[in-house]
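Please read the structure below before turning to the comments.
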Amino acid sequence: MSRLQALYDSKRMMPTDAAGLVRDGDTVVVPTGVGEPPALLHALSARRHELRDVAVSQILPLRKFAYLDPDTRANIRHDAYFFGGASRPGGQAGWVDYVPAYFSELPMLIDRGLLPAEVVVSLASPMDEHGYFSLSLAPDYTMAAIRRARVVLLEVNPNVPFANGDCLVHISQVAGLVESDEELFEVGLPEIDPVQQAIGKHVAELIDDGSTLQIGYGGIPDAVVMQLQHKRDLGIHTEMLGDGILSLIESGAVTNRRKTFMPGRTIATFALGSRRLYRSMHRNPGIEMHPVEFTNDPYLAARNDNLCAINATMQIDLIGQCGSETLGHLPYSGTGGQADFVRAANRSKGGKAFIVLPSTAKNGAVSRIAPVLSPGTHVTTSKNDINYVVTEYGVAQLRGKTAKQRAEALIGIAHPDFRGELREAARKMSLL
């Protein structure tokens with residue numbers, strides 16, 4: 001038996017024993033989305049009545065583990081970096097708290113001790129012959145948390161790909177190993193409706209061959225992707241690697257040849273898709289997974305010429321402020337990386353930052369382009385950063401425009417049923 005294998009065996013334990021390493025008052029950091037380790041989090045949930053003041057911090061939880069329980073919040077609570085379906089109800093009811101922060105800056109906040117990280121739990125690939133595990137599904141802020149943590153616990157699963165990039169953890173850094181073979185959580189491509197398709201077409205027409213793409217999460221960004229397969233020599237520098245990007249790689253539209261920063265490689269910080277996507281990442285020299293302070297740093301991402309950032313919002317006002325994370329005062333998602341990549345695209349030579357949204361909500365009853373944001377809405381991306389805004393009715397280009405010109409352009413892409421009242425409101429606000 002090799003020394004590394006002996007070390008591995010000495011750290012292998014049952015999930016209940018691994019969860020036993022969590023102490024009262026600890027913050028347990030969990031990777032984004034698919035990187036969450038189910039066996040470890042089920043075991044932690046089982047201890048929730050005996051622990052006190054333990055926090056679990058994560059972006060985009062996918063499963064509703066038993067610890068997500070208002071009755072045991074004093075024992076284990078969830079402090080969200082970004083809400084997902086499992087944590088959103090608690091956030092809107094007030095028993096799940098959240099941390100306002102740019103995705104790119106979470107590692108810095110951890111490094112500086114502003115965000116606690118005593119324990120890290122993560123899915124990981126099997127160990128290689130050199131003693132390394134790959135946290136391929138989400139190195140994001142997890143790598144920074146590992147640098148600070150007292151305890152690192154890995155759930156080793158053969159379905160986790162061994163990806164390249166700055167996402168490797170050595171056996172010497174690990175306190176406990178749990179083995180599982182559960183299939184990874186899968187998220188397929190959404191059904192695209194006619195409104196999303198129209199928005200996607202407007203954006204796709206403005207993306208040139210050779211552009212590098214950042215593609216956000218949601219139906220409209222995916223609708224854009226589906227209309228790019230005829231493009232040539234596209235590159236990828238993004239936060240989320242999904243099936244839409246995989247389809248562009250497989251179609252030949254993405255080659256990464258013309259990237260001016262890290263050419264030849266698709267760069268991302270977390271993966272969220274199908275089994276086919278995860279398998280494509282395994283020891284693929286054309287895909288690298290990196291921490292979010294690298295992928296989302298506006299200065300680094302902007303080293304890609306012709307960077308096109310495509311992100312969705314829920315509401316925009318007539319001056320260009322975007323509310324992308326709340327419904328009024330109610331939390332829905334989080335700050336995420338939208339502002340990171342909007343700023344990166346604005347700095348990029350030839351870059352274009354797109355904010356996309358349907359013109360209406362609630363089956364056409366409400367205009368998403370509003371005179372002012374709904375009361376309590378959090379501003380995710382500022383008026384000074386917004387450039388291209390796209391609805392199914394067209395494109396409004398805002399940077400360099402006056403307030404009056406912005407209002408006129410945004411009203412021009414609002415739903416026709418609301419343009420009259422938007423003009424009247426704009427006149428009262430001295431914007432027309």
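If you read the sequence from its start, that first residue is 1, and numbering goes on from there. What's counted below: heavy atoms across the whole structure, side chains too, no hydrogens, waters or symmetry copies.
Within the model, atoms CG of Asn304 and OG of Ser211 stand 10.5 Å from one another, a figure rounded to the nearest 0.5 Å. One distance of note links CG of Leu40 with CG of Leu123; it measures 8.5 Å at 0.5 Å rounding.
One N or O on the side chain of Asn75 and one on the backbone of Leu51 form a donor-acceptor pair closer than 3.5 Å. Counting only distance, with no hydrogens or angles, the side chain of Glu118 and the backbone of Ala149 share no donor-acceptor pair below 3.5 Å. Listed for the Asn164 side chain is no donor-acceptor partner under 3.5 Å among the backbone atoms of Arg283.
Ion pairing of Arg368 with Glu392 is absent here, as no side-chain N (NZ or NE/NH1/NH2) approaches a carboxylate O to less than 4.0 Å. Between Lys259 and Asp305, none of the side-chain N atoms (NZ, or NE/NH1/NH2) sits under 4.0 Å from a carboxylate O, so this pair counts as no salt bridge. With salt bridges taken as basic N to acidic carboxylate O contacts below 4.0 Å, none links Arg73 and Asp71. With salt bridges taken as basic N to acidic carboxylate O contacts below 4.0 Å, one links Arg276 and Glu250. The pair Asp233-Arg257 meets the salt-bridge criterion, with a side-chain N (NZ, NE, NH1 or NH2) lying under 4.0 Å from an Asp/Glu carboxylate O. Between Glu408 and Lys401, no side-chain nitrogen of the basic residue sits less than 4.0 Å from a carboxylate oxygen of the acidic one, so the salt-bridge criterion is not met. Between Asp385 and Arg343 there is a salt bridge, with a side-chain nitrogen of the basic residue lying less than 4.0 Å from a carboxylate oxygen of the acidic one. Electrostatic pairing of Glu205 and Lys201 counts as a salt bridge here, judged by a charged N lying under 4.0 Å from a carboxylate O. Taking a cutoff of 4.0 Å between a charged side-chain nitrogen and a carboxylate oxygen, Arg147 and Asp111 qualify as a salt bridge.
Ser374 and Gln315 are linked by a side-chain donor-acceptor pair at a separation below 3.5 angstrom, with hydrogens and angles left out of the test. Side-chain contact check for Gln338 and Thr381: at least one donor-acceptor pair (N or O, by modelled atom type) lies under 3.5 Å. A donor-acceptor contact under 3.5 angstrom links the side chains of Asn296 and Glu239, judged on distance only. Between the side chains of Thr313 and Ser324, at least one donor N or O sits under 3.5 Å from an acceptor N or O. In summary, the side chains of Asp79 and Gln58 do not present any donor paired with an acceptor at a separation below 3.5 Å, with no hydrogens or angles considered. Using a 3.5 Å distance cut-off with no hydrogens or angles, the side chains of Ser122 and Glu155 do not pair a donor with an acceptor. Side-chain polar atoms of Asp140 and Thr269 form no donor-acceptor pair below 3.5 angstrom. No side-chain donor-acceptor contact under 3.5 Å links Asn157 and Glu182.
The shortest heavy-atom contact between Tyr141 and Val30 is OH-O, 2.6 Å. Across all non-hydrogen atoms, the minimal contact from Met289 to Ala163 is CG-CB, 4.0 Å. Summarising the geometry of Glu36 relative to Pro61, their closest heavy-atom pair is OE1-CA, 3.6 Å, with the distance given to 0.1 Å. Smallest separation of non-hydrogen atoms from Ser45 and Phe65: OG-CB, 3.7 Å. Shown here for Asn306 and Ser348, the closest heavy-atom pair between the two residues is N-OG, 3.2 Å.
Around atom NZ of Lys349, no more than 12 heavy atoms belonging to other residues, nucleotides or ligands sit under 6.0 Å away. For OH of Tyr102, the number of neighbouring non-hydrogen atoms (other residues, nucleotides, ligands) closer than 6.0 Å is 12 at most.
No option in Ser125, Cys167, Pro161, Pro31 other than Pro161 meets the side-chain contact (heavy atoms from CB on, under 4.5 Å) test with Leu137. When each of Val203, Asp222, Val225 is checked for a side-chain contact (heavy atoms from CB on, under 4.5 Å) with Ile310, only Val203 meets the rule.
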Quiz item: Under the side-chain hydrogen bond (donor to acceptor under 3.5 Å, both in side chains) criterion, do Glu288 and Thr266 qualify, and how do the steps go?
Solution: CA-CA 6 Å; Glu288 291 187 7; Thr266 288; over 6 Å; no
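A tilted orientation is assigned to the rings of Phe261 and His237, their planes being inclined by 30° to 60°.
A cation-pi arrangement is not found for Arg423 relative to Phe418, the charged atom failing to lie both closer than 6.0 Å to the ring centre and inside a 45° cone about the ring normal.
Residues Leu44 and Val121 have side chains not in contact (no heavy-atom distance under 4.5 Å, counting atoms from C-beta outward). Residues Val390 and Ile220 have side chains not in contact (no heavy-atom distance under 4.5 Å, counting atoms from C-beta outward).
For Phe83 and Tyr332, the distance between ring centers is not under 6.0 angstrom.
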